Amino acid sequence: MERPLEATRMENNTSSCFLMERKTHAKINRKEVILAKLRKSCSCTPQKLKNFLMDFFPVLRWLPKYRCKEYIWGDVMSGLVIGIILVPQAIAYSLLAGLKPIYSLYTSFFANIIYFLMGTSRHVSVGIFSLISLMVGQVVDRELLLAGFDLNDDAPPASGDGSLQNDNLSNTTAFNLTIVGINAECGKECYAIGIATALTFMAGVYQVLMGIFRLGFVSMYLSESVLDGFATGASLTILTAQVKYLIGIKIPRSQGHGMLVITWINIFRNISQANLCDVITSAICIVVLVTAKELGDRYKHKLKFPLPTELVVIVVATLVSHYGKLNEVYASSVSGAIPTGFIPPKVPEFNLMLRVALDALPLAIVSFVFTVSLSEMFAKKYAYTIRANQEMFAVGFCNIIPSFFHSFATSAALAKTLVKTSTGCQTQISGVISAMVVLLVLLFLAPLFYSLQKCVLACIIIVSLRGALRKFQDVPARYQVNKVDTLVWVVTMSASALVSTEIGLLVGIVFSMLCIIVRTQRPRTALLGQIQDTSFYEDDLEYENLSTVPKVKIFRFEAPLYYANRNYFLKSLYRLTNLDPNLEAARRKKYEKKEKQHLKKGNHRTANGLGIGETTLQLVPKQIDFQTLVVDCSSISFLDTTGVNTLKEILKDYKNLNISVLLACCNPSVIDSLKRGGYFGKDFGCMQEMLFYSIHNAVLFAKDQKLPADCSV
């Protein structure tokens, strides 16, 4: 088989030519490849079954190699610390999810056990996460409202406006009044966890399907700016939702778009009803928590493990509330009864899944992206590898299986993961220890939190948002680094906070992609000058002391050339070279037409008063100060059909003005596109006179030779 040859020219004064031989790539029969993969996938041998099980449950690989003496102390310590942190956070985040605290404890327990079996990261802490809890809570609130339940347990009875039934009636609404196919009566709490488990199950199914079809690439469309903006906007929503608990006012829980603005309006309208006991308690708790966090951050290198400030605050606040009878005396809102033990498992309702199927998609993507990004970050830091596809399976089953046990959606959390690594975590054995701590609370200690004020839980949530809210301080530095990324962050954050979290994520992704498209539609363009006494060329507007090459214009286009930026390419080329070949050709035709009219009349003087012999000089415009155009294609990563036709068009248009067009620094993909598009002619005969592997080669050729007359499109 004859191999294609491509020509270039040596960088010397002789402009001698040498040939570069392209490798011949064997054609791949995709049908055979697919069939071979299917045969391999469908075959079943004992060894293959063993490998499948060990891949699906990575714990079977690393647990037999566990170095007990080396790892056990760090795993036990980190597990205990995380377990102690998990308990107050689980109870607090139940406010975000709109569910009872017991369900948050279930979630923390099952997520740690399942990730221990299926996860490939040694360090991430999987469980309840404020952002995921918020997304679950928004769906739960919406469905409760649609079902006719009162969203506000503490709200005063409606005074004759007829908008809601009394609390007793709202808490005994039957499923069969709102959801077809469910006949058993179920109160508000039962319906809320039913919605949450259906949502969680669907999110897990999406994640497993994404793993099966290897759709992990979806996470690539969530840039760092989008994720940071999304997290910051959601943090503002979380903070807003907790303010009513901080000051002890009773306002309706806002739903739908603009929840943040509506909530703040209601807060200021009802600020006079603030509970003084809750305000004082919140102020004390925030001061203690923030002070402890700041001291912990400052002296973290001297501390062997983080201070369990949240647990201390919860224990002290519960004792003060219980013995001070704050609920009875000051009407301070408390957590209420938290049952012990496990509720019998239940299959999530299929009809509810249909209602929340669309809501589960962004939840699945956000949960997966945060888990994989954290896993990759810590794997790189501690020099080991993870399998992103297996992580998708792991987080998927961390949602599917617990949904049968009255749990809601989970994800990896950065704050707890940082605590795990700082306390000596080596493997996911620490997750099992954390689960045992949560189990202890589930079986024996949960009722002790009955008198815990909700304002204390709100304080824990708000203080945990410090990291996300501090992103506002990074805006000036971010703006200095990249203005477009800063704009993406601001737009995503604003949409997430002011509209809704799901819409904010979608807006962020779309806006980020639009920014990329705009960058390729209007990229940088430049005319290049020669760096003195070298063979290198750079932007004339950006660098001093560059030499202009006589009779040669060198044009650089810093983007792929495709249908969306074709017009910008041509406009930039014509503007920088100060020549539009189409206008110039039209002007010449018009002039020639006038000359012919004068000659027909027998006037031997031209329209400009010149003799016939002088007409040729007049036809060469004074503004054309170059004879060769060199297009630097080093930044053109690909060409589509429109791009190839555009280059063919300028080749033809400039040829009509006796101006040669040379291409330099084309990559193999661009060269192949040009060949297929017929840019070099039928037999590629003129290819070596039109294509060069460096700008300097093209410039030397332009100085020494002219393009042959037979090289045309």
Side-chain angles (χ1 to χ4, degrees), residues 520-532 536-559 561 564-595 607-608 610 614-636 642-643 645-666 679 690 692 694-707 711-713:
T520 61
Q521 280 187 305
R522 301 184 67 83
R524 284 177 56 88
T525 56
L527 280 185
L528 307 186
Q530 185 175 13
I531 302 174
Q532 294 181 2
F536 302 105
Y537 299 78
E538 265 306 336
D539 189 346
D540 232 343
L541 296 177
E542 296 293 333
Y543 296 93
E544 300 285 351
N545 303 320
L546 297 182
S547 302
T548 303
V549 181
K551 301 296 182 180
V552 177
K553 297 280 188 182
I554 307 168
F555 176 71
R556 175 186 288 168
F557 189 73
E558 300 181 3
L561 180 54
N565 60 17
R566 171 190 183 277
N567 290 335
Y568 185 76
F569 173 87
L570 293 174
K571 287 180 181 178
S572 299
L573 175 62
Y574 299 160
R575 174 175 53 83
L576 291 174
T577 59
N578 197 27
L579 175 65
D580 185 336
N582 296 311
L583 293 179
E584 179 62 22
R587 193 192 69 79
R588 291 192 177 189
K589 287 181 180 179
K590 183 178 180 181
Y591 186 86
E592 290 174 356
K593 185 178 179 180
K594 287 184 178 180
E595 291 303 311
N608 290 338
L610 299 175
E614 299 169 290
T615 303
T616 305
L617 294 175
Q618 178 66 22
L619 291 175
V620 180
K622 295 179 181 180
Q623 67 267 27
I624 299 181
D625 57 351
F626 64 98
Q627 296 175 350
T628 303
L629 173 66
V630 178
V631 180
D632 176 12
C633 301
S634 58
S635 299
I636 299 179
T642 303
N645 290 335
T646 301
L647 292 178
K648 291 169 68 176
E649 179 183 326
I650 65 170
L651 178 64
K652 179 181 177 182
D653 292 342
Y654 280 108
K655 180 178 173 56
N656 292 335
L657 301 180
N658 295 320
I659 297 175
S660 306
V661 177
L662 309 179
L663 304 182
C665 307
C666 297
Y679 183 84
M690 303 166 70
F692 299 85
S694 75
I695 298 173
H696 195 60
N697 285 352
V699 171
L700 290 178
F701 177 79
K703 287 180 178 180
D704 295 346
Q705 300 183 32
K706 293 184 178 179
L707 192 68
C711 286
S712 59
V713 179

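These figures come from a predicted structure and were not determined experimentally. What's counted below: heavy atoms across the whole structure, side chains too, no hydrogens, waters or symmetry copies.
Within the 4.5 Å cutoff, the side chain of Lys652 has no heavy atoms near those of the Lys648 side chain. Taking 4.5 Å as the limit, every side-chain heavy atom of Ile531 sits out of range of all side-chain heavy atoms of Tyr543. The closest side-chain heavy-atom distance from Phe701 to Thr628 is not below 4.5 Å. Put simply, the side chain of Leu651 does not reach to within 4.5 Å of the side chain of Leu647, judged on heavy atoms. Proximity of Leu583 to Tyr574: side-chain heavy atoms (C-beta onward) are nowhere separated by under 4.5 Å. Considering only heavy atoms from C-beta on, Tyr537 stays 4.5 Å or farther from Asp632 through its side chain. The shortest side-chain heavy-atom distance between Gln530 and Ile695 does not fall under the 4.5 Å cut-off. Contact annotation: the side chain of Val630 never approaches that of Val549 to less than 4.5 Å [non-hydrogen atoms, C-beta and beyond].
Summarising the geometry, atom CD1 belonging to Ile659 is positioned 11.0 Å from atom CD1 belonging to Ile650; distances are rounded to the nearest 0.5 Å. Between the NZ atom in Lys553 and the CG atom in Leu573 there is a gap of 11.0 Å [rounded to 0.5 Å]. Rounded to the nearest 0.5 Å, atoms CD1 (Ile636) and CD (Glu558) are 10.5 Å apart. With rounding to the nearest 0.5 Å, the separation of CG in Leu527 from OG1 in Thr548 is 9.0 Å. Here the CG atom belonging to Asn565 is positioned 7.0 Å from the CD atom belonging to Gln521, to the nearest 0.5 angstrom. Rounding to the nearest 0.5 Å places OH of Tyr654 at 9.0 Å from CG of Asn582.
For the pair Ala702 and Leu662, the tightest heavy-atom approach, listed with the atom from each and the gap, is CB-CD1, 4.2 Å. When all heavy atoms are compared, the tightest approach of Thr577 to Phe626 is O-CE2, 3.9 Å.
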With side chain to side chain donor-acceptor pair (under 3.5 Å) as the criterion, how do Arg566 and Thr642 come out once you've worked through the C-alpha distance, each side chain's angles and the decisive distance to 0.1 Å? CA-CA 7 Å; Arg566 171 190 183 277; Thr642 303; over 6 Å; no
Is there a side chain to side chain contact (heavy atoms under 4.5 Å, CB included) between Glu649 and Leu570 once you walk through the steps? CA-CA 10 Å; Glu649 179 183 326; Leu570 293 174; 4.1 Å; yes
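Looking at Arg587 and Glu584, a side-chain N of the basic residue comes within less than 4.0 Å of a carboxylate O on the acidic one, giving a salt bridge.
For residues 536-545, the pairs satisfying salt bridge (charged side-chain N to carboxylate O under 4.0 Å, His left out) are Arg524-Asp539, Arg524-Glu542, Glu538-Arg556, with sequence neighbours left out.
In this pair, Phe557 and Phe569 present their aromatic rings perpendicular. The plane angle is above 60°, beyond the 30 to 60° band.
Enclosure of atom CZ in Arg522 is not indicated, since only 12 or fewer non-hydrogen atoms of other residues, nucleotides or ligands lie within 6.0 angstrom.
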